[in-house]
Protein chains: 2
Amino acid sequence: MPSKALSLANARRYLPILDWGSRYDRETLTSDLVAAVIVTIMLIPQSLAYALLAGLPAEMGLYASILPLVAYAIFGTSRALAVGPVAVVSLMTAAAVGAIAAQGTIGYATAAITLAFLSGLFLLALGLFRLGFLANFLSHPVIAGFITASGLIIATSQLKHILGVSAEGHSLFTLLGSLFSHLTQTNVITLIIGVSAVAFLFWVRKGLKPLLLRAGLKPRMADLLAKAGPVAAVAVSTFVTWALSLHERGVAIVGEVPQGLPPFTLPSFDPTLWSQLVLSAVLISIIGFVESVSVAKTLAAKKRQRIDPDQELVGLGASNIAASVSGGYPVTGGFARSVVNFDAGAETPAAGAFTAVGILLAALLLTPLLYFLPKAVLAATIIVAVLSLVDFSILRHAWSYSRVDFAAVAATILLTLAFGVEIGVSAGVGLSVALFLYKTSRPHVAEVGLVPGTQHFRNIDRHSVETHPHLLTIRIDESLYFANAAFLQDYILDRVICDQPIKHVVLMCSAVNEIDLSALETLEEVNRRLDEMGIKLHLSEVKGPVMDRLKRSHFLDELTGEVFLAQYDAHEKLIGPREVA
Amino acid sequence: MPSKALSLANARRYLPILDWGSRYDRETLTSDLVAAVIVTIMLIPQSLAYALLAGLPAEMGLYASILPLVAYAIFGTSRALAVGPVAVVSLMTAAAVGAIAAQGTIGYATAAITLAFLSGLFLLALGLFRLGFLANFLSHPVIAGFITASGLIIATSQLKHILGVSAEGHSLFTLLGSLFSHLTQTNVITLIIGVSAVAFLFWVRKGLKPLLLRAGLKPRMADLLAKAGPVAAVAVSTFVTWALSLHERGVAIVGEVPQGLPPFTLPSFDPTLWSQLVLSAVLISIIGFVESVSVAKTLAAKKRQRIDPDQELVGLGASNIAASVSGGYPVTGGFARSVVNFDAGAETPAAGAFTAVGILLAALLLTPLLYFLPKAVLAATIIVAVLSLVDFSILRHAWSYSRVDFAAVAATILLTLAFGVEIGVSAGVGLSVALFLYKTSRPHVAEVGLVPGTQHFRNIDRHSVETHPHLLTIRIDESLYFANAAFLQDYILDRVICDQPIKHVVLMCSAVNEIDLSALETLEEVNRRLDEMGIKLHLSEVKGPVMDRLKRSHFLDELTGEVFLAQYDAHEKLIGPREVA
């Protein structure tokens, strides 16, 4: 019996649907269905718009919002996460795929599908090997800077649809340059439609809800109605374009969107294509995972639920593989739609599956109605959605707290704007890690003395403490490893060379969490050099795990001095009670 | 006057020759001259041999041992370092240049000269910006593994000269494969010469010195005579080859070596070539610098002198630029020759300049005598020299101390043998850094309690301590930064969710040397979540610099609990003295 219980627990861990599915009842069903209807209405224009942002046919946005949601419902752990195409990942898809194929070609769509497949494989691998912690190397400042810069690039990239011109580029500057050079070709009717849509959507966001509240609606209803703004914009603009035949006057429209079930597709297995896409797939996976898991964690916390990041990787991996076999492109959990899903009362991942059915119905029935939808309106929904991501306050926040964090944010924003998303985020991660390594390679080292009347030792520069000319006590505020071993050696030797009376050097190791082999060899060297000068080296307050390891080396045999449990013991023994008195 | 004194001190720092040159006297001159003669005798066959190893004409080895020594004498800080072509850097030059030009072409020599120039520029830049600390990221285990694997590759690469066949490859396996496929073409006379030379040189190393000692020579003289073994091998084998016309029977000889001053050369300024060489130049510079500075430090320590690593970068940079304008190739400080220089009594860098004069005389007068020198004998000197670098004991040593260090050594050795020097050392550095980051991303976290009768707190798993059901105290043995912030959050929340009575969580920060912005935001989140559960969060033993920074954020205002100076204060206050009693 225990083994059966165990295997069931295991199955529930890897297939969370077994867990919540077994307790599913009519009440939960109702909640999930209501949430699904609301999210579906929100997702239809978004899916089309993000496909446009990714440079793909509009229907691929719908396809990416069907099977992936079902896959997440089976494998995901978050009760409220809504998976599908999102702005940043769509932009990254455009950057990755645009580098190897021209928009509108079969090769472009195939590359996007292959990118989803590779991203899915990578996410699954991370999840199965429980490597989700890798995402932690994307620091908060880097993410914040990256999202802000991406939002600006996305908004700028959509200006061409608002102006009705063509423009290319994956960085802010190439986009702006391209836009300016085409500015004279602006289509005035498109511009009017686009600007009206942007203005309307901003008003829906800021002004509609208070109006509805004053009209007597309940807050939650008012909130949800306001979320349906994009659908209204789509419906009205499509009708106007059709009625006035604006497409004959240069207004770009979505055009024919194939009607029917998502097609069965296969990613390419061309090794050249894989090698071109693999780095982008890694970046997209990690960015998507970080965005998704932070939304999922926030929502789970509100209901005292927990999500399992490694199982989330499996869920997102399955979603992306589902996208790749059903004509979609890379997907992840979206912030705005997940919050709507949560607020609308979604109780289980089944809400996602019901949303998938809703989008499927749209793909089967509504696509002919989208023929006259102006691209400028889709662009407007994107612009209004992403501008809420742009938040430069992180710069001020980071500056006031730490220059190092500020450097990471500023570099990420500037490099993303200047060179595009892939270089921007890679440089941000690289810089964060480099700055961390730099800090640990020059650790804080303090000379300490005894606080009179206590057993405590403090920095001689900050406190009034007792010292003794024969005794030098150095507290190292960092683990000792290869990058700072030489620094410590130089510090100690420089210090003792210019101070003749020193007879004992004590290294106070209360903040030393590790001593690696390079540092051990350096300590052996320091011990030898001090010995040649007639100075004894001692250690104090060495932690258990560090001491266990030192005992496995010859260092403790060679050490000229002693290892003291407490710094106070070292002080007492080496100076002698006479002189303290 | 102070400004003049200051500028003189500055000039002496950047031009160490001004320092030692002003105190130069006849006695020092004699010591330096004796050392120079001995090193010259040792350097002549070595320079030729290492040029061969680098795939370059023999004379380039001599040229690389003239002007670079003069440049180092002016800018270097070590009194005994002997600069010139060395085995590992020659191998790396062959790998770098071999990837872009065929051996024996003008392009190959030009690329080697350009590599020296780029390496010189990079070293100078590191020195002027005082970035020498970057070399610390090459950990001891990685260097040890790299040198051992390089020694094996170099020895294997010279077997073709011993066998008299042609073979190609930059990794152990490609070399062995190539050798085996040509084995049937072995030239027996070459093989006899090569094996005899190897046997003779090994005997000189191990057997000659005891013999000379028994013959009544003084130890130092016996030692120095033994170092002249390669010169004897060169002289005898050249004579035999000439006398028996062995070159007409398939024995490969050095052939014509141009007689005269080093030519004035210029590196190529082709940007394509620069971009192909720049990474190799960086690797060669760092490896060369690390090797050189460790020799220089060891020798300086024996005489209680100090060397300045950043000025060493300037010295080595100047040497490499000197090499590039005088027909040389990348150089650095060599271990064996520097020890010989030191033992022979070199007092100042002038010994290096005198050695340069010796090699210059050789280039002017001796080169015609080298015509009949068999390449197999040069190969033998290389093999015997580099096999002393091969030392697998680091594997055992690292294994017994730390699995992480062992992984770094083993990976460096395997990857260097399998894929060559550049990939090997890059992967070694990358892996060391990755393993360090991994360790810090999963820090040691201990739940602690009060050791009865003291004010000390220890791990509840290792010690018998007092705890209280309302109070959870967690000691974090690592700085808090982006890579481990999420880990800490999960640890705390997982811990409190399954333990209902907890009312207070204290984070004991005695080993927290830093809290970055990501970690700060995570702590704010933990504070909020605990607050929702009715649990207060406290900090204790926060270090001065960390506290200074926290005061610049809003965290301390939001913190539901307090910040205690000592953990004991937290314990007293939160549990109350009644319950302790």
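Throughout, a chain's letter reflects where its sequence line sits, starting with A, and its residues are numbered from 1.
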Can you tell me which portion of [X] sits under 4.5 Å from chain B's heavy atoms? Options are side chain, backbone, both or neither.
| X | result |
| --- | --- |
| A:Lys551 | neither |
| A:Asp405 | side chain |
| A:Val404 | neither |
| A:Thr440 | side chain |
| A:Arg442 | side chain |
| A:Pro545 | both |
| A:Tyr481 | side chain |

Given 3.5 Å as the limit, does a donor-acceptor pair link the side chain of A:Asn459 with the main chain of A:Ala446, or not? no
Flag, side chain of A:Asp516 to backbone of A:Phe482, donor-acceptor distance under 3.5 Å:
yes
For each of [options], tally heavy-atom pairs with chain A at distances under 4.5 Å, and name the one with the top tally.
| options | value |
| --- | --- |
| B:Ser510, B:Ala144, B:Gly544 | B:Gly544 |
| B:Thr298, B:Ile515, B:Leu134, B:Thr522 | B:Ile515 |
| B:Lys439, B:His444, B:Arg528 | B:Lys439 |
| B:Glu525, B:Lys543, B:His554, B:Arg458 | B:Lys543 |
| B:Asn484, B:Val512, B:Asp490 | B:Asp490 |
| B:Val409, B:Val433, B:Leu138 | B:Val433 |

Looking only at heavy atoms, the pair that brings B:Phe133 and A:Ser441 closest together is CD1-OG, 4.0 Å
**Asked** Should B:Asp308 and B:Arg130 count as an ion pair when the cut-off is N to O under 4.0 Å?
**Response** yes
Basic-acidic side-chain contact under 4.0 Å: B:Arg529, B:Glu532 = no
A:Arg462 meets the salt bridge (Lys or Arg N to Asp or Glu O under 4.0 Å) criterion, sequence neighbours left out, with B:Asp548
Sorted by chain and number, sequence neighbours left out, salt bridge (Lys or Arg N to Asp or Glu O under 4.0 Å) with A:Glu447 holds for A:Arg495
If you count heavy-atom pairs under 4.5 Å between each of [options] and chain B, which one has the most?
| options | result |
| --- | --- |
| A:Phe487, A:Phe406, A:Phe137, A:Phe436 | A:Phe436 |
| A:Leu517, A:Leu520, A:Val142 | A:Leu517 |
| A:Glu478, A:His140, A:Met533 | A:His140 |

Check: Going through the checks in order, is the side chain to side chain contact (heavy atoms under 4.5 Å, CB included) test met by A:Val451 and A:Phe457?
Finding: CA-CA 6 Å; A:Val451 179; A:Phe457 290 78; over 6 Å; no
**Study point:** Student check: side-chain heavy atoms of A:Glu558 and A:Asp531 closer than 4.5 Å
**Key:** no
Test item: A:Leu299 and A:Ile307 side chains (from C-beta on) under 4.5 Å apart, heavy atoms: no
With sequence neighbours left out, the residues meeting side-chain hydrogen bond (donor to acceptor under 3.5 Å, both in side chains) with A:Glu541 are none
Ordered numerically, the heavy-atom neighbours of chain A under 4.5 Å found in residues 395-402 of chain B are B:His397, B:Ala398, B:Ser400, B:Tyr401, B:Ser402
When you look at CG of B:Leu565, are more than 12 heavy atoms from neighbouring residues, nucleotides or ligands closer to it than 6.0 Å?
no
Problem - Full working for side chain to side chain donor-acceptor pair (under 3.5 Å) between B:Ser479 and B:Glu514 - result: CA-CA 5 Å; B:Ser479 290; B:Glu514 216 223 317; 5.6 Å; no
Quiz prompt | Verdict with reasoning, A:Glu312 to A:Thr77, per side chain to side chain donor-acceptor pair (under 3.5 Å) | solution = CA-CA 6 Å; A:Glu312 278 303 283; A:Thr77 59; 2.7 Å; yes
